[in-house]
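In this text, all values refer to a predicted model and were calculated from it rather than measured experimentally.
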Amino acid sequence: MYKFKFYQPLLIIIGLLICLSCAQVPTYEIWRPWTRSLSSIDKIVLGNSIAIEIEGETDPLLGEENLLKIEMKSILNNLLQRRGFKISNQSSDYKLKFSYKTIHEVRNSSSSTVLSKNLSAFSFGTLSGSGYSSGLGVSIAAAVSKSISQSTLFSKQTQVDRDNYVHTISIDILDNNNKSIWVGDSKWNSRSVDIRTDIFSAIQILLSDLPSDESILPRVREVKEDYALNYYRIYCWNSWFACPALPYRIYFNDLRGNSKIPNSVYNNMAFAAYLDLMQTAEYALPVGIKKAKSPLNRDLWKKVVLGGEYYIGDSNIKQKVLIKLKGESSGYEIEKCWIASDEEYQDYQEKITRWKDFLEDYYNVYK
């Protein structure tokens, strides 16, 4: 009995340490704009050519819009080519009209308001109904965010006038007869007057509803081995990352500060691939529990895996990249990121294929 009392405090401490090391569902959501997409019965054919037109204005700013339009066109070129579309300014199968607008307003948020503990500002439509399955990974992440935000509301008394900027974008895809066959709209509030702050994520979330050719691999730059720590300090240290396929933000474990690269990072030459995968993946594999009847089960999202293939540097050898994420209260901590073996990546592909089939079946609610 005496020995048990002697070891009891030690057992409690060990138990607490075990609990702290366990994965949990994060608290803070990533930012998501309000979006919607509509389509006609005419399907967009993957691999066809698209001509891009840009128009818009940012009323609070006085400068010419030409350079901003060039930057937005570059983002669209990149994201569409990654999906498998060809960009053509001559004769093309489709015409894509991209419109944007920024307006300024002063908001007074006095009186009692109901706020969310999470960070998202808008609800997010879970599915466009266009018939494409490529957007299900993004849609389910948004649905998880939406279901959780409803349970984390609290009241707060506020009274402040502040500048607010409303950014709106629209993508309209037309066929050769100038008939609109797909429309996507997005809108969000921001403290930043610069629409570029969130434009990449907003465009990608919209385009995730279009078909995608997964055989097309992105190419990223190779990080020099001797400069990997510099890369980490510049792009990763003390930073949060948002993934379209995840409801929560991602971060590196910075217990060692910026003096050393975290132990979770392997194969430093693939650093750029890790960041690209974290910020562009449209499917995530939740592995928090072994079996779940619903993809909205919160425990399912305690741990997730991201995967993708890349060309790194000038090499034409496919590199298989995997990232393991562990849920903490503040977000997903990167547990490990590395260039996987063929066996490891094959196992991931088999699991992500089953997950995609599960999502398609879950959303297949009509006869």
| task | Can you sort out the partners of Tyr100 under ring-ring contact (aromatic ring centres under 6.0 Å, His included), two or more places apart, ordered by chain and number? | result |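 With neighbours one apart ignored, the set is empty.
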| task | Kindly write out the residues that satisfy ring-ring contact (aromatic ring centres under 6.0 Å, His included) with Trp338, not counting sequence neighbours, or none if the list is empty. | result |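 Listed in chain order: nothing, the list is empty.
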| Would you say Arg82's side chain and Ile216's backbone share a donor-acceptor pair under 3.5 angstrom? |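 Side chain of Arg82 to backbone of Ile216: no pair is present.
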| request: Taking the six-membered ring of Tyr310 (Phe, Tyr or Trp), confirm whether the NZ or CZ of Lys318 is under 6.0 Å from its centre and within 45° of its axis. | output: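 Here Lys318 fails the 6.0 Å and 45° test against Tyr310.
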| task | Kindly confirm or rule out a cation-pi arrangement of Lys224 over Tyr227, judged by NZ or CZ under 6.0 Å from the six-membered ring centre and within 45° of its axis? | result |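 Verdict for Tyr227: a cation-pi partner in Lys224.
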Between [X] and [Y], is any side-chain donor less than 3.5 angstrom from a side-chain acceptor?
{"X": "Glu55", "Y": "Ser99", "answer": "yes"}
{"X": "Asn316", "Y": "Arg219", "answer": "yes"}
{"X": "Trp182", "Y": "Asp209", "answer": "yes"}

[X] [atom1]: over 12 foreign heavy atoms closer than 6.0 Å:
{"X": "Glu350", "atom1": "CD", "value": "yes"}
{"X": "Arg196", "atom1": "CZ", "value": "no"}
{"X": "Lys324", "atom1": "NZ", "value": "no"}
{"X": "Gln81", "atom1": "CD", "value": "yes"}

| query | Hey, quick one: are Trp240 and Phe252 part of the same hydrophobic cluster, counting side-chain heavy atoms closer than 4.5 Å, chains of contacts allowed? | reply |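 As far as the 4.5 Å side-chain criterion goes, Phe252 and Trp240 are not connected within one cluster.
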| request: Answer whether the closest heavy-atom distance between the side chains of Tyr231 and Asn268 falls below 4.5 Å. | output: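 No; the side chains remain at least 4.5 Å from each other.
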| request: Please determine which of Ile199, Val193, Ile195 meets the side chain to side chain contact (heavy atoms under 4.5 Å, CB included) test together with His167. | output: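 The residue from Ile199, Val193, Ile195 that satisfies side chain to side chain contact (heavy atoms under 4.5 Å, CB included) with His167 turns out to be Ile195.
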| field | Result of checking Asp172, Ile75, Ile169, Ile173 against Phe98 for side chain to side chain contact (heavy atoms under 4.5 Å, CB included) | value |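 Running side chain to side chain contact (heavy atoms under 4.5 Å, CB included) over Asp172, Ile75, Ile169, Ile173 with Phe98 returns exactly one hit, Ile169.
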| said: Please enumerate all residues that pass side-chain contact (heavy atoms from CB on, under 4.5 Å) together with Ser192, with sequence neighbours excluded. | reply: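 Scan of Ser192 (side-chain contact (heavy atoms from CB on, under 4.5 Å), adjacent residues dropped) gives Ser190, Asp194, Thr197.
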